Amino acid sequence: MPSRRTVLGTVACTLVPGCSRLGTPSTQEATPTPAPVALSPVDAAAVPHTATVGIFSETTTELDAATRNVPADVTDHEWARVLHEFDCVAFDGSTYAVVERTSGSGGYVKEYSVSEVDDPGNESTVRVADLPDSHRRAVLDAIAAGDHHYDSDVGGFEPTSSVYAYNGSYYVFSIEVTGDKPVVVTYSVEQADGDRCVTLEPLSITAADAGFDTPRQPEAASTVTGDAARTLAAADVTFVVWGSTCYELSIPADGTES
């Protein structure tokens, strides 16, 4: 039977906020702080085919949708450029490749305005009559229209002089616009056969959970802390992909949980 002193002490402790009886183990234990995880940008082409690469929930959703409808255009997704650097990827029990295709010649276009002048000045003058037939017709059409378009992919007449003489008059071809024709690059997810494929492992966190919801330089290193760090450390991955960058995971030597 407890003594009167023990009973009174228990009652008093109950009435005082924050009081804990001596000798009674606490029922609550502090949760260890997860070690931070460092993410360092690496060249995706250098990732070994034996690696397991983590992808955040957003990427998993997008890739899952693409693999259900191969070949699928994934040009609008930044991760396509990273996955293209892998020969092939294993995802959800199948193997795929992100194929890059280019279109366009990388040529140029020029737009000219054509106007009549009284005096050619010191500019070199070319007689329209001396031009080859096809070029002569193009110059006459340009004089009549007041403008001329040249496309390097199509060819045809490209003015080599600013002044052309025709029927006693002088006409100036003035460049108004010069533009390069861009080379268009597209990416698509396609079925592939291979046994040397990087394995993609869906992660149970979003990129925002890992702090990628804030603006940052694509090639900048990053440190993940908190629950996201615990999830990354527990995942069986050595790399992660976000945006157009592949990152290698590492835990600092002094980064033990505390």
Side-chain angles (χ1 to χ4, degrees), residues 37 39-107 151 153 179-222 224 227-249:
V37 175
L39 301 179
S40 304
V42 295
D43 181 3
V47 173
H49 73 274
T50 54
T52 299
V53 178
I55 53 176
F56 294 109
S57 298
E58 302 94 326
T59 303
T60 299
T61 299
E62 294 166 351
L63 185 57
D64 182 65
T67 56
R68 292 177 185 274
N69 190 35
V70 292
D73 187 349
V74 290
T75 306
D76 292 339
H77 300 303
E78 289 185 311
W79 48 259
R81 291 138 185 82
V82 182
L83 269 55
H84 167 66
E85 296 296 330
F86 305 145
D87 288 339
C88 56
V89 295
F91 175 73
D92 196 25
S94 299
T95 54
Y96 304 91
V98 175
V99 180
E100 179 185 86
R101 291 185 174 85
T102 60
S103 60
S105 63
D151 185 328
D153 288 344
D180 293 328
K181 299 179 71 174
V183 174
V184 179
V185 180
T186 59
Y187 296 89
S188 65
V189 172
E190 301 181 9
Q191 203 82 42
D193 294 324
D195 55 2
R196 297 172 61 84
C197 302
V198 167
T199 300
L200 299 183
E201 180 67 25
L203 301 172
S204 60
I205 57 174
T206 67
D209 293 334
F212 282 94
D213 56 339
T214 57
R216 67 181 63 219
Q217 294 295 325
E219 297 302 320
S222 177
V224 180
D227 290 339
R230 181 181 287 110
T231 300
L232 287 176
D236 187 22
V237 300
T238 48
F239 301 89
V240 294
V241 170
W242 176 245
S244 58
T245 307
C246 183
Y247 298 88
E248 185 173 9
L249 275 67

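Nothing here was measured: the structure is a model prediction, and the numbers come from that model. All values below were derived from every heavy atom in this structure, side-chain atoms included, with hydrogens, water molecules and symmetry-related copies excluded.
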I'd like to know whether Leu63 forms a side-chain contact (heavy atoms from CB on, under 4.5 Å) with Trp79, so could you lay out the CA-CA distance, the side-chain angles of the two residues, the decisive distance to 0.1 Å, and finally the verdict. CA-CA 9 Å; Leu63 185 57; Trp79 48 259; 3.8 Å; yes

Distance-minimising heavy-atom pair for [X] and [Y]:
X: Glu85; Y: Ala45; result: OE1-CB, 3.6 Å
X: His84; Y: Val98; result: ND1-O, 2.9 Å
X: Pro48; Y: Val198; result: O-CG2, 3.7 Å
X: Gly243; Y: Val82; result: O-CG2, 3.9 Å
X: Cys197; Y: Ala90; result: CB-N, 3.9 Å
X: Phe86; Y: Ala44; result: CE2-O, 3.3 Å

Got [X] and [Y] here, is their nearest side-chain heavy-atom distance under 4.5 Å?
X: Ser204; Y: Thr231; value: yes
X: Lys181; Y: Asp151; value: yes
X: Thr59; Y: Val241; value: no

Please say which of Thr238, Val53, Leu39 ends up in a side chain to side chain contact (heavy atoms under 4.5 Å, CB included) with Leu249.
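For Leu249, the side chain to side chain contact (heavy atoms under 4.5 Å, CB included) test succeeds with only one of Thr238, Val53, Leu39, which is Leu39.
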
Using modelled atom types and a 3.5 Å cut-off, is there a donor and acceptor pairing between side-chain atoms of [X] and backbone atoms of [Y]?
X: Ser244; Y: Glu78; result: no
X: Thr75; Y: Tyr187; result: yes
X: Gln191; Y: Val70; result: no
X: Ser57; Y: Ile205; result: yes

Can you tell me how far the [atom1] atom of [X] sits from the [atom2] atom of [Y], to the nearest 0.5 Å?
X: Glu62; Y: Asp76; atom1: CD; atom2: CG; value: 10.0 Å
X: Tyr247; Y: Ser40; atom1: OH; atom2: OG; value: 10.0 Å
X: Asn69; Y: Asp64; atom1: CG; atom2: CG; value: 11.5 Å
X: Thr52; Y: Phe239; atom1: OG1; atom2: CZ; value: 10.0 Å
X: Ile55; Y: Thr61; atom1: CD1; atom2: OG1; value: 9.0 Å
X: Leu83; Y: Phe91; atom1: CG; atom2: CZ; value: 10.0 Å

Quiz item: Side chains of Asp209 and Thr206: do they bring a donor and an acceptor to under 3.5 Å?
Solution: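 A pair is found: one side chain offers a donor N or O, the other an acceptor, under 3.5 Å apart.
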
Derivation and outcome, side-chain contact (heavy atoms from CB on, under 4.5 Å), residues Leu203 and Val240: CA-CA 9 Å; Leu203 301 172; Val240 294; 4.0 Å; yes

Check step by step if side-chain contact (heavy atoms from CB on, under 4.5 Å) holds for Cys246 and Val47. CA-CA 9 Å; Cys246 183; Val47 173; 3.9 Å; yes

Between the side chains of Asp87 and Arg196, is the shortest nitrogen-to-carboxylate-oxygen separation below 4.0 Å, so that they form an ion pair?
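No, this pair does not count.
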
